[in-house]
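Inspection log for the structure reproduced underneath, given as structure tokens.
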There are 2 protein chains.
Amino acid sequence: MTASSVSRRRLARGTLSRQGIVEAALGLLDEEGPEALTFARLGSALDASTTAVYRHFSSRDEIIVALAEELDRISLDGYEPAEDWRDSLRDLAWRAWRTASEHPAAASAAMHRTTRGVHELRAVDAVLEAVHQAGLRGEETAMSYAVYAHLVLSVCCQHATRLVSMATEGEEGWVQVYHPTDPAAYPYAVQAAAHLLAIDHAEVFRRQVELVIGDIEARAGRAQA
Amino acid sequence: MTASSVSRRRLARGTLSRQGIVEAALGLLDEEGPEALTFARLGSALDASTTAVYRHFSSRDEIIVALAEELDRISLDGYEPAEDWRDSLRDLAWRAWRTASEHPAAASAAMHRTTRGVHELRAVDAVLEAVHQAGLRGEETAMSYAVYAHLVLSVCCQHATRLVSMATEGEEGWVQVYHPTDPAAYPYAVQAAAHLLAIDHAEVFRRQVELVIGDIEARAGRAQA
DNA sequence: ACCTGAACACCGTTCAAGT
DNA sequence: ACCTGAACACCGTTCAAGT
């Protein structure tokens, strides 16, 4: 009674689509982790042959890029700029964080990729709009965009990777690190061990995002003065 | 006259070592990119059989973790705390950036991993020492450590990944993004296109690091007052 | 036009056999 | 104790054949 042995009928001609394949890939990654994204698993999840997906994607890498676009789409779904540009940047940052938290295997594999797609472009435009609304212009807008966007994407991507490795290896580890063979050589690490284990990663991200927002605020104030 | 067909003699008993294997792996990644790290390539680079490495590492993943430790070792080589804690944090940040720039394929694959090793511990201790020197204590030290360390590692890891994909695909891409089919829908992106293409990623990193240092400074001042 | 099934080169890993 | 070579299961990809 395995899933792959149930239906052996030939698939109708137009059953498969890029969007359907991407959704199946995302479901596979969500439920079975990063190793699950293979043409064989994807095929049987779609009740299709191992090679059917090649009609719609020319390589595994192209599926990863499509997944990145799908994560952008999910993140931005329902987004509207806030009245205050600070709230727009907060909203966008936490949307990325939430997507990474809810789809860690997909985010870990895809979030660092440039898609050149429409949803990525929407995200870029949304951040630039907020920075523009803050009062920055020209080159300064681009720099602040990059400071914000690189930080948010990098940290969320790493957060996703951490969630995946926690699911795979079990627990955070680190324990060994803070019981080194020669504790006297690493006094600060030994002393901070308990606090480091108790760190709230979301709170760390919040502080990082607020730092960038504060910086944009300061630069905008200077520009107006 | 391929490299693998030259020497076919059996390797002496103690020729292979963990450090030698790690160095060969790093060389392979540096010279041939992320696809080059396979047991077969590693074996022939070491003039050994495909499976010889298994005597020293029990899986491919264990090699990746050892590479992460090696990158920590390379980064910290010769590090001494500066008089001013700000310069210590700057030094540590740019060491990570330089390592990511010089070994992009290895950094992209390994830099996000926790090693539980001695060089990672040295790095943690060095950052904590600087934050302590700034004047923070207890939980606040741990939080500021995390804000700094997560940012530096995440951004450098993403920088490495970007370098790898530039080498693979050629050029930054993005061009397509900033010539969208419907430019009117993304006015801010279209307007900022030229500036976005001209962004200096090192300057972005510099600003991110200075933001965190400024934040630690402000918190330390508040704590003392 | 789209899906299937056989086939190929490659990869991580295991294990019995050599020295 | 450490290295080799055959073997296995799996994976991405290609391609001729079906409908």
Side-chain angles (χ1 to χ4, degrees), chain A residues 2-25 28-29 32-67 105-106 109-110 113 165 168-169, chain B residues 2-25 28-29 32-67 105-106 109-110 113 165 168-169:
Chain A
T2 67
S4 58
S5 68
V6 172
S7 61
R8 281 288 164 191
R9 302 212 32 187
R10 178 173 254 260
L11 227 54
R13 332 103 222 154
T15 309
L16 265 37
S17 69
R18 282 181 69 97
Q19 183 62 23
I21 291 168
V22 167
E23 283 168 16
L28 226 37
L29 288 169
E32 309 185 36
E35 319 269 80
L37 189 61
T38 72
F39 283 90
R41 307 286 292 272
L42 203 42
S44 72
L46 292 159
D47 270 321
S49 73
T50 301
T51 57
V53 169
Y54 276 98
R55 282 295 130 189
H56 304 268
F57 295 94
S58 66
S59 69
R60 184 178 194 277
D61 196 67
E62 211 178 293
I63 302 176
I64 302 279
V65 172
L67 271 167
R113 296 294 302 265
S165 74
T168 309
E169 306 167 17
Chain B
T2 68
S4 58
S5 68
V6 172
S7 62
R8 279 288 165 191
R9 304 210 32 186
R10 177 174 256 260
L11 228 54
R13 332 103 222 155
T15 309
L16 267 37
S17 67
R18 282 181 69 99
Q19 182 63 23
I21 292 168
V22 167
E23 283 168 18
L28 227 36
L29 288 169
E32 309 186 36
E35 319 268 82
L37 188 61
T38 72
F39 283 91
R41 307 286 292 271
L42 203 42
S44 70
L46 291 159
D47 270 321
S49 73
T50 301
T51 57
V53 170
Y54 275 99
R55 281 296 129 190
H56 304 268
F57 295 92
S58 65
S59 71
R60 185 177 193 278
D61 195 68
E62 210 179 293
I63 301 176
I64 302 278
V65 171
L67 271 168
R113 296 295 302 265
S165 74
T168 310
E169 305 167 19

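All chains are named by letter (A, B, ...) in the order of the sequence lines, taking the proteins before the strands, and each is independently numbered beginning at 1.
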Integer-rounded Å distance: [N] [atom2] and [X] [atom1]:
X     : N      : atom1 : atom2 : answer
B:F39 : C:dT14 : CZ    : C1'   : 12 Å
B:E35 : C:dA9  : CD    : P     : 19 Å
B:E62 : C:dT13 : CD    : P     : 10 Å
B:F57 : C:dT14 : CZ    : P     : 16 Å
B:L42 : D:dC3  : CG    : P     : 13 Å

Just checking B:E35: does its CD atom have more than 12 heavy atoms from other residues, nucleotides or ligands closer to it than 6.0 angstrom?
no
Nearest of [options] to any side-chain atom of [X]?
X     : options                : result
B:R60 : D:dC11, C:dG12, D:dT13 : C:dG12
B:R10 : C:dT19, C:dG12, D:dG18 : C:dT19
B:A48 : D:dC3, D:dT4, D:dT13   : D:dT4
B:Y54 : D:dC3, C:dT13, C:dC3   : C:dT13
B:S49 : D:dT4, C:dT13, C:dC3   : D:dT4

Side-chain contact test, heavy atoms from C-beta onward, threshold under 4.5 Å: evaluate it for [X] versus [Y] and give yes or no.
X     : Y     : value
B:L67 : B:L37 : yes
B:I63 : B:L42 : yes
A:L16 : A:H56 : yes

Nucleotide paired to C:dG5 in any strand shown, Watson-Crick or G-U, under 3.5 Å
D:dC15
When we call it a touch if two heavy atoms are under 4.0 Å apart, what does [X] touch: a base, just sugar-phosphate, or nothing?
X     : value
B:S59 : sugar-phosphate
A:L37 : sugar-phosphate
B:R55 : base

Full working for side-chain contact (heavy atoms from CB on, under 4.5 Å) between A:F57 and A:V65
CA-CA 10 Å; A:F57 295 94; A:V65 172; over 6 Å; no
OP1 or OP2 of D:dC3 less than 4.0 angstrom from a side-chain nitrogen or oxygen of B:R13, does that happen here?
no
Classify the side chain of A:T51 and the base of D:dG12 as holding, or not holding, a donor-acceptor pair under 3.5 Å.
no
